[in-house]
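Everything numeric in this text was worked out from a predicted model, so none of it was measured.
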Amino acid sequence: MVKILARRPLGLQPVYDLGLIQDHNFLLAQGLVASNCFNKSHSTAYAYVTYQTAYLKANYPVEYMAALLTASSDSQDKVEKYRENCQKLGITVEPPDINRSQRHFTPLNNAILFGFSAVRNLGEGAIEMILSARGAVGGKFTSLPDLCSNVDLRVVNRRALETLILCGAFDALEPNRNQLVHDLDLVIAWAQKRAKDKETGQMNLFDLMNADTAQQKTDNFEQAPSAPAVPDFSLQEKLKLEKEHIGYYVSEHPLRSVRQAAKLLSPINLSELETYKSRQKVSAVVILVAVKKIMTKKGTPMAFVTLEDVSGQAEGVVFPDNYDRLEAALIEGNQLMLWGKIDKRDERVQLIIEDIEPIDRVKMVMLNLTSEQIFDTTSQNRLKGILKHYATDNQKIKVPVVAMITEGSQRHFIRLGDHYWVSDHELALSSLQQAGFDAYTEPLIHQAS
């Protein structure tokens, strides 16, 4: 135990840093002061912990990631990041389940079950009550009314129940989340009246019969009221509500299927921005999470934006010279294809946004090429000339050009380099067709009919 008896300022002093051979933990000769007291035992301890961590991740990845998620359950950003890491490792993170989830993330065979501790609006008291009530009814709730009848609704309140519904915790009992949300107020009122009747001795016929069997128990809860039937939320609505109520997407990320379709455009991961060179041009498939519009000193508008993709979030900026052209698409929640360049300064990495397009409006120019056209020099030069002519405007979104080459029964797709992408696809398409090429446009994302 060290007791500090006195302190005195030394002013600006020359110091030793890490890497010195001699001891430098204390005040040294010639007025030199030690700065980084990182002794060997401390370094050894860190190295040992690093080795243990690497061993667990390599040999027990499911258990390791479950522990990591549990330790980070109070941080939405970390939970989302580690869920993405799980997917890279081939580990599925299953949504919460009212009958299977525990307080913490639970390792399964090759999956991890979402823990109640990471569900927003669900405090320790509510979690403890749900787990205790679940044990009291034999380890399994049969319905929303069953749960509401066996918990204190002042602890597991409406907000907590709605969050559990919207994050999919009741999907195994009733997959229609919208129906459960509509039922919720009716069921809560019914359960509260039922609890009050029990307290005053006014029990209904089934209660008086002291039913014990599973069938009688089910019949008992069939008395619970239900709202008129309503259709379930669409997948996009489900994901949006998950994000609003929980802070992250539980079922899946809304860009996952979009990103798969957008592979031809070589989008980057936002989590990997630091690995790219400054001023390097990139594209990304993103959701616009936040938009902050400001006025410059010259009175011109610009915007700072927060972007999100399946790997994480990043910051972006739309400067005044592009703002007017892109303003219409700068709406929170929009799914966008983005073109821009990396900006690194003051240990900060962001995207300078040059072009954006709603993902459902992104098109590709498709070219069916025959083997004769591929090897014919005249056809090659004519094709290059047309594409270069319509690829000159750097201030417009570039439409990718994809060549489809048929060899017998096989077809090969080749994405041409971005210096052949066209800025006016309609005129480019017309010129290609007039020159005898089999060309047409195709949307990147096909809308469901």
Task: Qualifying residues under side chain to side chain contact (heavy atoms under 4.5 Å, CB included), relative to Asp152, sequence neighbours excluded - done: Met129, Arg154, Val155
Task: Contacts of type ring-ring contact (aromatic ring centres under 6.0 Å, His included), residue Tyr64, not counting sequence neighbours - done: none
- [ ] Answer yes or no: is there a donor N or O on one side and an acceptor on the other, between the side chain of Trp421 and the main chain of Met364, under 3.5 Å?
- [x] no
Task: side chain to side chain contact (heavy atoms under 4.5 Å, CB included) between His245 and Cys167, intermediate numbers included - done: CA-CA 8 Å; His245 286 78; Cys167 74; over 6 Å; no
Task: Thr70 side chain reached by Leu68 side chain, heavy atoms, under 4.5 Å - done: no
Open item on the list: Keeping Asn110 on the side-chain end and Gly90 on the backbone end, is there a donor-acceptor pair under 3.5 Å?
Closed with: yes
Open item on the list: Any side-chain to backbone donor/acceptor pair from Glu332 onto Ala290? Under 3.5 Å, distance only.
Closed with: no
TODO: Side-chain contact test, heavy atoms from C-beta onward, threshold under 4.5 Å: evaluate it for Leu56 versus Glu63 and give yes or no.
DONE: no
TODO: With sequence neighbours excluded, give me every ring pair (Phe, Tyr, Trp, His ring centres under 6.0 Å) pair touching residues 271-322.
DONE: none
Open item on the list: Contact between Ile353 and Val317 at the side-chain level, heavy atoms closer than 4.5 Å - yes or no?
Closed with: no
Open item on the list: Quick check on Tyr55: does its OH atom have over 12 non-hydrogen neighbours (other residues, nucleotides or ligands) under 6.0 Å away?
Closed with: no
Open item on the list: Any side-chain to backbone donor/acceptor pair from Asn176 onto Val230? Under 3.5 Å, distance only.
Closed with: yes
TODO: Output yes when a side-chain donor or acceptor of Asn178 lies under 3.5 Å from a complementary backbone atom of Phe233, and no otherwise.
DONE: no
Task: Heavy-atom check, side chain of Leu416 versus side chain of Val402, under 4.5 Å - done: no
Task: Derivation of the side chain to side chain contact (heavy atoms under 4.5 Å, CB included) call for Leu108 and Arg100 - done: CA-CA 11 Å; Leu108 305 175; Arg100 297 166 58 226; 3.5 Å; yes
Open item on the list: Please determine whether the number of non-hydrogen atoms from other residues, nucleotides or ligands lying under 6.0 Å from atom CZ of Arg158 exceeds 12.
Closed with: yes
- [ ] Applying salt bridge (charged side-chain N to carboxylate O under 4.0 Å, His left out), name anything that partners Asp343, two or more places apart in sequence or on another chain.
- [x] Arg279, Arg345
Open item on the list: Could you check whether any side-chain N or O of Lys344 sits under 3.5 Å from a backbone N or O of Glu274, counting only pairs where one atom can act as donor and the other as acceptor?
Closed with: yes
TODO: Taking the side chain as every heavy atom from C-beta outward, state whether Met65 and Leu89 have any pair of such atoms under 4.5 Å apart.
DONE: yes
TODO: Would you check if Ser143 and Val187 make a side-chain contact, meaning some heavy-atom pair closer than 4.5 Å?
DONE: no
Open item on the list: Return the CG to CG distance between Leu336 and Asp360, rounded to the nearest 0.5 Å.
Closed with: 9.5 Å
Open item on the list: Go through it in stages, so that I can follow the logic: the residues are Leu173 and Leu144, the test is side chain to side chain contact (heavy atoms under 4.5 Å, CB included), and I'd like the CA-CA distance, side-chain angles, deciding distance and then a yes or no.
Closed with: CA-CA 8 Å; Leu173 301 178; Leu144 176 63; over 6 Å; no
TODO: Using the test side-chain hydrogen bond (donor to acceptor under 3.5 Å, both in side chains), find all partners of Ser132 that sit at least two apart in sequence or belong to another chain.
DONE: none
Task: Donor-acceptor contact present, side-chain Ser234 to main-chain Glu237, <3.5 Å - done: yes
Open item on the list: Using a strict threshold of under 4.0 Å (side-chain N to carboxylate O), is an ion pair present between Glu315 and Arg348?
Closed with: no
TODO: For the pair Arg325 and Asp355, find out whether any cationic side-chain nitrogen is under 4.0 Å from an anionic carboxylate oxygen.
DONE: yes
Task: Result of checking Asp324, Thr296, Val318 against Pro301 for side-chain contact (heavy atoms from CB on, under 4.5 Å) - done: Asp324
Task: Asp309 side chain to Val286 backbone, donor-acceptor under 3.5 Å - done: no
Open item on the list: Please check if the number of heavy atoms outside Lys293 that lie under 6.0 Å from its NZ is greater than 12.
Closed with: yes
- [ ] Identify the two heavy atoms, one from Ala227 and one from Leu186, that lie closest to each other, and give their separation to 0.1 Å.
- [x] N-CD1, 3.7 Å
Got a list of side-chain donor-acceptor pairs under 3.5 Å for residues 111-124, not counting sequence neighbours?
unit_1, atom_1, unit_2, atom_2, d
Ser117, OG, Arg103, O, 2.9
Arg120, NH1, Glu244, O, 3.4
Arg120, NH2, Gln76, OE1, 3.1
Asn121, OD1, Arg159, NE, 3.3
Asn121, OD1, Arg159, NH2, 3.2
Asn121, ND2, Thr163, OG1, 3.0
Glu124, OE1, Arg103, NE, 3.0

Task: Side chains of Leu164 and Leu147 in contact at under 4.5 Å (non-hydrogen atoms) - done: no
Open item on the list: Can you give me the closest heavy-atom contact between Leu131 and Ser101, atom names plus distance?
Closed with: CD2-O, 3.7 Å
TODO: Kindly say whether Cys148 contributes a backbone atom to a donor-acceptor pair with the side chain of Gln192 at under 3.5 angstrom?
DONE: no
Open item on the list: Please find the pair of heavy atoms, one from Ile356 and one from Ala329, that lie closest to each other, and give the distance.
Closed with: CD1-CB, 3.7 Å
TODO: Using the side chain to side chain contact (heavy atoms under 4.5 Å, CB included) rule, take Arg177 and Leu241 through it: C-alpha gap first, then chi angles, then the decisive distance, then the call.
DONE: CA-CA 11 Å; Arg177 298 182 191 178; Leu241 288 167; over 6 Å; no
Open item on the list: Within the supplied structure, the quantity of interest is the number of heavy atoms (other residues, nucleotides, ligands) at a distance under 6.0 Å from His182 NE2; does it exceed 12?
Closed with: no
Task: Distance (rounded to the nearest 0.5 Å) between Leu326 CG and Met302 CE - done: 12.5 Å
Task: Interatomic distance, Gln313 atom CD to Leu270 atom CG [nearest 0.5 angstrom] - done: 9.0 Å
TODO: Could you tell me whether the side chain of Val349 reaches within less than 4.5 Å of the side chain of Ile342, counting heavy atoms only?
DONE: yes
